[in-house]
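One structure is given below, encoded as structure tokens.
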Amino acid sequence: MDNDRLRVAIFSDSALPILNGVSVSIDALVAELRNQGHSVHIFTARYPGYKDPDPNTYRFRAIETPISRGYPVSYPPFYRMLLKFRRHEFDVIHTHTPFFLGMVGFRWAESHDIPIVSTYHTLYDRYAHYFKLLPHRYVRFRIAKHTNFYYNRMDHVITPTDASLKWLRRHSVMSPVTVIPTGIPSAQMMSRVEARQSLNIAPDLKILLYVGRLAREKNLGVLLEMAALAFAKDRSLRLWLVGDGPFRDECLAMARRLAIGDRVRFVGFVPRSEVDRYYAASDLFVFSSITETQGLVVQEAMSYGLPAIAVAGGGASSSIVDGENGFVVKNDPIDFARSTLNVLHNDSLHARLSEQAVRSVRNQGVPRMCNDVVDVYRQVIVGKTKRTKHGSYAKV
């Protein structure tokens with residue numbers, strides 16, 4: 001192995017063009033690893049109609065299932081992909097899922113005697129409702145058991161927040177764990193006026209922005225109920241939701257039922273390069289999900305000077321220092337609406353929160369994250385070499 005240049009294999013069930021926190025963080029990490037001179041190959045699921053611009057991305061055959069709409073699932077046999085994998089001598093494997101391709105990465109690391117690192121991105125047991133034919137409690141139990149099995153077999157685990165670290169420890173994951181917050185890209189130079197004009201936003205309107213999947217686990221009912229309460233107090237407010245997902249129809253029906261359809265816009269899927277325009281044009285970021293390990297979009301919004309109001313729970317609210325760059329509220333639409341109106345109706349408070357929001361994420365850039373990840377890579381490579389020399393390496 002070159003002392004400076006590492007050869008890294010990334011395994012993930014989701015990658016661009018799928019737009020979520022995992023795919024965005026992988027894209028940022030891979031770009032910075034390459035900027036620093038490392039060689040990176042991505043192994044992920046094939047996405048219908050998508051042509052990769054990156055020649056070092058390998059796509060497994062995949063299909064969509066009733067519980068994975070928008071997220072194709074890879075299926076065996078994997079022999080042809082294994083032959084492609086073997087053309088390279090990787091120094092380390094880094095998985096970003098404990099499931100389909102995460103298991104492939106684990107087995108190939110095991111059979112090829114390669115150190116393996118995994119990032120724990122998501123509170124997976126909060127997604128049990130997608131398995132509708134099985135009892136909810138049983139699904140959560142099986143997910144917890146698999147989480148314990150998988151991450152205890154990693155040489156090292158990375159996770160973005162202390163909250164997710166506590167979850168791993170609570171589920172008896174005893175592998176070495178390092179907390180490395182996902183880095184956020186530098187904000188694009190874009191004026192608020194230009195952004196609002198390009199999106200046809202009238203000067204007197206105030207935009208509440210949500211960015212993320214439209215999914216049941218995102219707690220969007222509370223977000224829409226909050227909007228209804230806030231709209232009743234301020235006629236200039238609008239709620240824009242950037243993103244798509246399996247819960248879209250239910251959200252549309254809820255907006256109609258709450259009689260707020262004229263003031264809510266479901267923007268739909270937006271290419272990653274265009275999301276920044278919505279951050280720049282908005283007045284306040286609102287986030288209701290309690291299933292995130294970090295809530296990357298909260299920090300992205302802050303980089304554009306948007307104060308954030310988030311429901312307590314999970315890792316998303318951990319980015320917020322209450323009263324400094326936003327507010328953390330109870331999982332209650334009344335409390336949520338009260339804080340939203342308080343910020344928007346107090347210009348000096350909004351200006352102070354906006355200034356502090358930018359400052360609070362200034363040191364959370366992608367290069368710093370990448371440096372910390374590379375340090376972990378080197379730790380496991382050195383540890384693996386020492387165990388091999390002493391003839392004591394064995395997988396549990």
Side-chain angles (χ1 to χ4, degrees), residues 9-15 18 20-23 25-26 29 43-45 65 67-68 71 73-75 92-110 114-182 213 215-219 289-296 313-318 373 376 379-380 394-396:
I10 301 280
F11 284 77
S12 177
D13 288 324
S14 62
I18 293 172
N20 59 24
V22 176
S23 62
S25 66
I26 291 173
L29 174 62
F43 294 84
T44 188
T65 70
I67 62 172
S68 67
Y71 286 79
V73 174
S74 302
Y75 61 89
V92 64
I93 289 176
H94 187 171
T95 67
H96 291 262
T97 170
F99 300 112
F100 301 98
L101 292 183
M103 287 301 299
V104 173
F106 166 54
R107 294 304 183 193
W108 290 0
E110 190 175 50
I114 301 172
I116 183 167
V117 172
S118 188
T119 296
Y120 176 70
H121 286 280
T122 305
L123 303 177
Y124 295 107
D125 62 329
R126 306 288 177 87
Y127 293 71
H129 55 268
Y130 284 108
F131 297 87
K132 298 178 181 179
L133 299 180
L134 296 171
H136 185 78
R137 183 176 295 181
Y138 173 76
V139 174
R140 292 193 66 170
F141 170 75
R142 295 310 307 174
I143 291 173
K145 289 288 287 184
H146 180 72
T147 299
N148 174 278
F149 165 84
Y150 187 82
Y151 291 106
N152 272 323
R153 282 155 179 78
M154 298 296 104
D155 294 315
H156 206 108
V157 179
I158 294 170
T159 197
T161 63
D162 290 328
S164 50
L165 169 60
K166 290 177 182 177
W167 194 96
L168 288 169
R169 295 306 189 209
R170 192 164 62 245
H171 287 77
S172 302
V173 173
M174 303 312 296
S175 297
V177 180
T178 298
V179 174
I180 303 177
T182 302
R213 290 186 74 223
R216 186 180 304 276
E217 65 273 8
K218 302 300 183 182
N219 198 29
S289 174
I290 55 176
T291 64
E292 315 298 313
T293 53
Q294 181 178 1
L296 184 61
S317 59
S318 65
V373 170
V376 171
Q379 285 179 41
V380 299
K395 280 285 181 183
V396 176

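- The distance from the CD1 atom of I93 to the CZ atom of R107 is 12.5 Å, given to the nearest 0.5 Å.
- In this structure, CD1 on I10 lies 12.5 Å from CG on L101, to the nearest 0.5 angstrom.
- A pairwise comparison of heavy atoms in T95 and S118 identifies OG1-OG, 2.7 Å as the closest pair.
- Listed by chain and residue number, S23, Y71 satisfy the side chain to side chain donor-acceptor pair (under 3.5 Å) test with N20 (two or more places apart in sequence, or in another chain).
- For the atom pair S74 OG and F43 CZ, the distance stands at 12.0 Å (nearest 0.5 Å).
- Residues meeting the side-chain contact (heavy atoms from CB on, under 4.5 Å) test with S172, sequence neighbours left out: N148.
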Note to self: Before you tell me yes or no, could you show the steps for V376 and I180 under side-chain contact (heavy atoms from CB on, under 4.5 Å), namely the whole-Å CA-CA distance, both residues' side-chain angles and the distance that decides it to 0.1 Å?
What the structure shows: CA-CA 10 Å; V376 171; I180 303 177; 4.1 Å; yes
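- Defined by atom type and a distance below 3.5 Å, a donor-acceptor pair is present between the side-chain atoms of T159 and S164.
- Closest heavy-atom contact between P115 and V380: CB-CG2, 3.8 Å.
- Going from atom OG of S12 over to atom NE2 of H121 covers 6.5 Å, rounded to the nearest 0.5 Å.
- The distance from the OG1 atom of T97 to the CZ atom of F11 is 12.0 Å, given to the nearest 0.5 Å.
- Contact between N152 and M174 at its shortest, heavy atoms only, is OD1-N, 2.7 Å.
- Applying the side-chain contact (heavy atoms from CB on, under 4.5 Å) rule to H146 yields the partners P98, F99, M103, F149, Y150; only residues at least two apart in sequence or on another chain are considered.
- Residues passing the salt bridge (Lys or Arg N to Asp or Glu O under 4.0 Å) test with R169: none are found, sequence neighbours excluded.
- Taking each heavy atom of I116 and R153 in turn, the nearest pair found is CG2-O, 4.3 Å.
- With sequence neighbours excluded, the residues that form a side-chain contact (heavy atoms from CB on, under 4.5 Å) with F100 are D13, V73.
- Looking at L134 and R142, their side chains never come closer than 4.5 Å, going by heavy atoms from C-beta outward.
- Residues passing the side-chain contact (heavy atoms from CB on, under 4.5 Å) test with A15, sequence neighbours excluded: T44.
- Below 30°, between 30° and 60°, or above 60°: for Y120 and Y151 the angle between ring planes is above 60°, a perpendicular geometry.
- If you take CG on D155 and CD on Q379, they are separated by 11.0 Å, rounding to the nearest 0.5 Å.
- The two residues S175 and V157 make their nearest non-hydrogen contact at CB-CG2, 4.1 Å.
- Nearest heavy-atom pair across T147 and W167 is CG2-CZ3, 3.4 Å.
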